[in-house]
Amino acid sequence: MNAKTLVAVLLAASSVIASADDKEAYNRRAADNDMTLFRQLDLNGDGRLSHDEARGDLNLGPRFSDIDINRDGIVTPDEMRRYIEQTYGIKPAA
């Protein structure tokens with residue numbers, strides 16, 4: 001293998017690694033943002049998010065039905081964690 005080919009292979013490999021790190025960092029930030037948003041939108045402080053509480057939020061509101069697994073109009077912390085794990089492939093911070 002000549003030097004140019006070796007350099008090209010090394011550069012390609014490093015960009016793949018950097019891309020994977022970027023995606024993981026993005027997914028971690030997105031998961032943290034979703035959990036923060038869940039807590040902020042819980043206006044009555046009952047630890048659950050009603051459809052009314054999320055309705056006006058342009059970030060979480062449109063995804064409410066995807067997160068509300070049992071379709072009871074309430075998103076529990078367990079439903080939120082499950083959604084995050086399925087969407088971002090990571091376990092959210094407690």
Step-by-step side chain to side chain contact (heavy atoms under 4.5 Å, CB included) determination, R81 to I84 = CA-CA 5 Å; R81 282 189 286 276; I84 287 172; 5.7 Å; no
Evaluate the side-chain hydrogen bond (donor to acceptor under 3.5 Å, both in side chains) criterion for residues Y83 and D68: first the C-alpha distance (whole Å), next the side-chain angles of each, then the deciding distance (0.1 Å), finally the verdict.
-> CA-CA 9 Å; Y83 172 81; D68 183 17; over 6 Å; no
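If you check the side chains of R63 and N59, you find a donor sitting under 3.5 Å from an acceptor.
Clustering ILVMFWY residues whenever any of their side-chain heavy atoms sit less than 4.5 angstrom apart, transitively, puts F64 in the very cluster that holds M35. Cluster annotation: I67 and I90 are assigned to the same hydrophobic cluster (Ile/Leu/Val/Met/Phe/Trp/Tyr, side-chain heavy-atom contacts under 4.5 Å, transitive).
Here the closest non-hydrogen pair linking P77 and F38 is N-CZ, 3.9 Å. Listed here is the closest heavy atom pair of V75 and E79: CA-OE1, 3.2 Å.
The CG atom of L37 sits 7.0 Å away from atom CE of M80, with the distance rounded to the nearest 0.5 Å. Between the CD1 atom in I69 and the OG1 atom in T76 there is a gap of 7.5 Å [rounded to 0.5 Å]. With rounding to the nearest 0.5 Å, the separation of CZ in R71 from NE2 in H51 is 10.5 Å. Taken from OG1 in T36 to CZ in R39, the straight-line distance is 4.5 Å, to the nearest 0.5 Å. Distance CD/Q86 to CG/D66: 10.0 Å, rounded to 0.5 Å. To the nearest 0.5 Å, atoms CG (D42) and CG (L49) are separated by 6.5 Å.
In this structure the side chain of R29 never reaches within 4.5 angstrom of the side chain of D32, judged on heavy atoms. For the pair K91 and E85, the minimum side-chain heavy-atom distance is below 4.5 Å.
Within a 6.0 Å radius of CZ in R82, other residues, nucleotides and ligands contribute 12 heavy atoms or fewer.
E53 places a side-chain N or O within 3.5 Å of a backbone atom of N44 that can act as its donor or acceptor partner.
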